[in-house]
Novice: 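Below is one structure. I have some questions about it.
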Amino acid sequence: MTTETKQTGTPTLVEDLLLLLFQPRSGSIAGENTLFYVLAGAVLANLALNGQVAMADRRKVRVVEGRAPSDDLLRSAWDYLSAKPRGVQTVLAAIGPELRKPVLERLIERGDITREDRKMLGLFRTTALRDGGSGRRARLLEQVRQVLVAGAEPSARVAALAALLSSSGTLPEFDRDIPWTSRVVTRAKELEQGNWGAGAAAEAVTRTMTATVVNSVVAATSVTPRS
């Protein structure tokens with residue numbers, strides 16, 4: 001399965017998630033060891049929010065015929081599922097490993113992240129990631145902070161984004177911006193379960209589908225050592 005890097009106008013949920021996981025202070029990406037599960041979960045959640053996939057049963061995902069996405073990242077996953085319904089864990093493992101590079105390239109193309117090529121000791125080339133100064137990461141982080149810390153009711157997209165961020169196991173690394181408190185932990189777990197609040201206008205089936213995806217990410221990352 002191949003993943004294209006063609007950029008579309010509106011950022012996908014997986015782009016938002018990787019941008020949040022990017023740590024400007026260190027130039028690293030949080031949760032690298034389990035990143036592919038989390039990014040794949042964001043792709044599936046995006047498809048669910050768009051009504052382009054649904055649960056075939058309690059464990060398997062199927063496409064919604066006639067609802068193929070135009071975005072290349074989402075379309076690649078949709079095409080993989082179009083052959084037959086597949087288990088969520090199977091989908092995460094199949095589509096996840098190829099996502100980091102094209103998603104990062106999109107963020108660089110958008111100017112959200114910049115990449116600097118350097119030489120160490122005048123011999124070895126290294127690449128450093130830096131904040132691109134677009135301000136988009138700060139806006140996303142504030143939206144998530146408002147939901148987890150201030151108790152604001154999220155949109156369906158922000159609810160899914162916060163739930164995926166929680167599922168990555170990296171929330172403690174955001175302590176400067178999102179205090180790691182029992183209240184935050186409780187709210188994050190509620191979002192993982194699909195308890196988004198009345199403000200997140202999404203059908204119950206969409207919430208259930210997204211919660212299934214998020215909890216599959218939690219299950220997958222819990223057995224993999226985290227960085």
Side-chain angles (χ1 to χ4, degrees), residues 7-8 10-49 71 73-74 92 95-96 99-115 128-181 184-185 187-192 196 200 210-211 213-215 217-218 220-221 226-227:
Q7 176 179 312
T8 57
T10 303
T12 58
L13 189 63
V14 68
E15 290 172 69
D16 286 352
L17 183 59
L18 185 59
L19 182 57
L20 272 181
L21 290 171
F22 169 65
Q23 305 295 298
R25 295 182 183 94
S26 63
S28 63
I29 294 174
E32 282 278 16
N33 286 0
T34 56
L35 185 63
F36 80 82
Y37 291 116
V38 182
L39 295 183
V43 169
L44 278 182
N46 204 152
L47 290 170
L49 290 175
D71 182 276
L73 284 173
L74 303 182
L92 296 180
I95 71 174
L99 286 171
R100 185 189 188 279
K101 181 178 178 180
V103 176
L104 180 58
E105 289 299 325
R106 285 193 180 191
L107 294 175
I108 292 170
E109 288 172 10
R110 293 184 191 281
D112 297 324
I113 294 175
T114 60
R115 180 169 49 205
L129 300 177
R130 297 285 182 261
D131 188 282
S134 69
R136 197 163 74 84
R137 184 182 184 277
R139 292 191 294 272
L140 289 171
L141 188 59
E142 178 60 19
Q143 290 173 354
V144 173
R145 193 194 72 80
Q146 284 294 322
V147 172
L148 294 178
V149 179
E153 287 207 351
S155 66
R157 184 183 176 96
V158 173
L161 182 60
L164 287 160
L165 188 63
S166 176
S167 76
S168 72
T170 63
L171 268 179
E173 299 184 39
F174 290 80
D175 188 56
R176 288 189 182 184
D177 302 294
I178 302 175
W180 185 240
T181 64
V184 166
V185 173
R187 184 59 180 134
K189 291 303 177 185
E190 289 174 349
L191 293 171
E192 287 182 17
W196 295 351
T210 305
V213 170
V214 169
N215 281 278
V217 172
V218 172
T221 59
R226 290 171 174 153
S227 57

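Scope of the values below: all heavy atoms of this structure, side chains included, with no hydrogens, waters or symmetry mates. Note that this is a predicted model, so its numbers are computed, not measured.
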Novice: Between R187 and E190, is there a salt bridge with N-O shorter than 4.0 Å?
Specialist: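 Result for this pair is yes, salt bridge flagged.
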
Novice: What pair of heavy atoms forms the shortest contact from E32 to I29, and how long is it?
Specialist: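 Residues E32 and I29, closest heavy atoms: CG-O, 3.2 Å.
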
Novice: I need the single residue from V144, V184, D177 that forms a side-chain contact (heavy atoms from CB on, under 4.5 Å) with V149. Which is it?
Specialist: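 Single pass found, and it is V184.
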
Novice: Using every non-hydrogen atom in the two residues, find where D112 and S134 come nearest and quote the distance to one decimal.
Specialist: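 Heavy-atom minimum between the residues: OD1-OG, 2.6 Å.
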
Novice: If you round to the nearest 0.5 Å, how far is CG of L140 from CD of E15?
Specialist: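 Going from CD on E15 over to CG on L140, the span is 10.5 Å.
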
Novice: What I want to find out is whether R115 reaches E105 closely enough, with some N-O distance under 4.0 Å, to be called a salt bridge.
Specialist: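 Salt bridge present between R115 and E105.
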
Novice: So, the side chain of W180 versus the backbone of F174: is there a donor-acceptor pair under 3.5 Å, distance only?
Specialist: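 Between the backbone of F174 and the side chain of W180 there is no qualifying donor-acceptor contact (under 3.5 Å).
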
Novice: State plainly whether the residues E142 and R145 are in salt-bridge range, i.e. N to O under 4.0 Å.
Specialist: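 Yes, charged N to carboxylate O under 4.0 Å.
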
Novice: Check whether any side-chain N or O of T170 sits under 3.5 Å from a backbone N or O of E173 as a donor-acceptor pair, and report yes or no.
Specialist: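 Checked: no pair found.
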
Novice: Can you tell me if R130 uses its side chain to pair, donor with acceptor, with the backbone of P24 under 3.5 Å?
Specialist: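 No, because the side chain of R130 does not come within donor-acceptor range (under 3.5 Å) of the backbone of P24.
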
Novice: Could you list the residues that satisfy side-chain hydrogen bond (donor to acceptor under 3.5 Å, both in side chains) with T114, not counting sequence neighbours?
Specialist: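 T114: no side-chain hydrogen bond (donor to acceptor under 3.5 Å, both in side chains) contacts found.
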
Novice: With a 3.5 Å cut-off and no angle check, do the side chains of S166 and E192 form a donor-acceptor pair?
Specialist: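 Yes, E192 and S166 have a side-chain donor paired with an acceptor closer than 3.5 Å.
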
Novice: Between R25 and D131, does any NZ, NE, NH1 or NH2 come within less than 4.0 Å of an OD or OE carboxylate oxygen?
Specialist: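 Not counted as a salt bridge, because no side-chain N and carboxylate O are separated by less than 4.0 Å.
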
Novice: Between T12 and L17, does the side chain to side chain contact (heavy atoms under 4.5 Å, CB included) criterion hold? Intermediate values first, please.
Specialist: CA-CA 9 Å; T12 58; L17 183 59; over 6 Å; no

Novice: Work out which heavy atom in A160 is nearest to a heavy atom in T210; give both atom names and the distance.
Specialist: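 Heavy-atom minimum between the residues: CB-CG2, 4.1 Å.
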
